There are 2 protein chains.
Amino acid sequence: MTAKLYGLGVGPGDPELITVKALRILQRVKVIAWPAPDNGVSFARSIVEQYITPDQLEIPIIVPMKVERHPAKDVYDQAAKLISSHLDSGSDVAVLCEGDPFFYGSFMYLYERLEADYDCEIVPGVSSLMASASVLQRPLAARNDVLSVIPAPLSDDEIEARIGQSDAIAFIKVGRHIERIKSLLERLGLLQSAAYVERASLPNQRIFPLAKLDDDIAPYFSMILVYKGGETWISSLNIKGEM
Amino acid sequence: MTAKLYGLGVGPGDPELITVKALRILQRVKVIAWPAPDNGVSFARSIVEQYITPDQLEIPIIVPMKVERHPAKDVYDQAAKLISSHLDSGSDVAVLCEGDPFFYGSFMYLYERLEADYDCEIVPGVSSLMASASVLQRPLAARNDVLSVIPAPLSDDEIEARIGQSDAIAFIKVGRHIERIKSLLERLGLLQSAAYVERASLPNQRIFPLAKLDDDIAPYFSMILVYKGGETWISSLNIKGEM
């Protein structure tokens, strides 16, 4: 058994923010798998599109977007089977993962189906967490700060309990929860300390003081960073659409 | 004013885990600055040593290791002055940062001295947080997990309050606090859920179930990851020195 399964972190969006290692593996493997929603294109694939060559076999993993709480079991079962068949026949397979494979990524659903039987390697990537802080041009966490990463789908009570214990907070999976998170932060006196970042590192990135954002739904690839004590610079954030 | 200051994330240790972008900038700038402790070599520089050419000017920033709470003010003042002079004369300067520049990095001390006067760009990097999860081969955080990053120098009480509110925990800056953190986790019933990772992604990396680690001091580049519910796989962790 020599074929290997790679979980390849391809970074937050800018194709140049892929690592040298992930790029080398990507350009060497025969088979590339990538997730895509059933209502749009694959973000992970779009990041590295320019590096993929026509002789590489691609396996789309089309994930139904209706299923929120449970991963699309059948889809991952079938994808794991197909990936297995390539590994069994001696071809390395790279699964593309936006950001980092093991930081809230969907790669884990394939990994848990394949790791017992195959040699696997995870290539870590630049997370959108770090990319967001870099485009805001402010340190995410410093010295003895406690940083909490909080998924926005949690309830207000759950979120409130965590906020109190943190110096810096990153909300992920913001999506349709944005209005609720905004209200919650306002109630807690933190709205002016919150910055909104969408598609960090991409040409169409958007940056806003959260208080000035009117969107009632945010794209999947957005994040809210709360910098306690950051009111002044956040209020003067330039809204940058371009890099 | 065209010269630019770059905060370059060079990743967790493996020279291939630098991004394509950081490598491109590193190979293009005339001046490279890097931090080093006064009692050893620069980790950031050692990561990218093979990419630096003799015609590039290097600025060591030697940081006294005795100063724990306060950054070495004079050292950063002088380094900022020297970097300014190169920027003023039209040379781009890249400051090497291990991991990510804005994730608990010392780059912020230079950045806060220079950002008002110079064009700055932060190039995010792969953090040792993500690298540690990748070498442990277990997702750091998934679904609606709350992840907290906790600096080990905080007091037991402060740490305990944060642990209760988190599904996954990463302790950073472990160093001489390792015995205390171990005792604290034991008291909270979490010692068997903790994995220790040292120098993730480097040839001399070490991985241990924390319970089996006898070291009474850990190197600066080590991390403890607590996976609530992870007792079984952590106890069977293979201790890997090689990649």
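It should be emphasised that the depicted structure is a prediction, and the values quoted were computed from it without experimental measurement. Residue numbers start from 1 in every chain, and the chains themselves are labelled A, B, ... in the order their sequence lines are given, proteins ahead of strands.
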Residue by residue, which of residues 159-167 of chain B have a heavy atom closer than 4.5 Å to a heavy atom belonging to chain A?
B/A161, B/R162, B/Q165, B/D167
Side chains of B/V149 and B/F103 in contact at under 4.5 Å (non-hydrogen atoms):
yes
Tell me, with the steps shown, if A/L26 and A/L96 meet side chain to side chain contact (heavy atoms under 4.5 Å, CB included).
CA-CA 9 Å; A/L26 173 62; A/L96 307 183; 3.8 Å; yes
With sequence neighbours left out, what residues match B/S155 under side chain to side chain contact (heavy atoms under 4.5 Å, CB included)?
B/D157, B/E158
Pick one of side chain, backbone, both or neither for A/L23, based on which atoms fall under 4.5 Å of a heavy atom in chain B.
side chain
What residue, out of B/V123, B/V20, B/I122, has the most heavy-atom pairs lying under 4.5 Å from chain A?
B/V20
Could you list the donor-acceptor pairs under 3.5 angstrom formed between side-chain atoms of residues 127-134 of chain B and any protein atom two or more places apart in sequence or on another chain?
unit_1: B/S127; atom_1: OG; unit_2: B/L129; atom_2: N; d: 3.0
unit_1: B/S132; atom_1: OG; unit_2: B/S128; atom_2: O; d: 2.8
unit_1: B/S134; atom_1: OG; unit_2: B/A131; atom_2: O; d: 2.8

A/A22, A/G105, A/G7, A/S148: which one forms the most heavy-atom pairs within less than 4.5 Å of chain B?
A/S148
Hits for side chain to side chain contact (heavy atoms under 4.5 Å, CB included) against B/E115, two or more places apart or cross-chain, chain-then-number order -> A/R138, B/Y111, B/C120
Which class fits the ring pair B/W233 and B/Y227: parallel under 30°, tilted 30 to 60°, perpendicular over 60°?
perpendicular
Quick one: does B/Y76's side chain get under 4.5 Å of B/V63's, heavy atoms only?
yes
Any Lys/Arg nitrogen of A/K21 or B/E16 sitting under 4.0 Å from an Asp/Glu carboxylate oxygen of the other?
no
Looking at B/L140, B/I172, B/D145, B/I150, which has the largest count of heavy-atom pairs under 4.5 Å with chain A?
B/D145
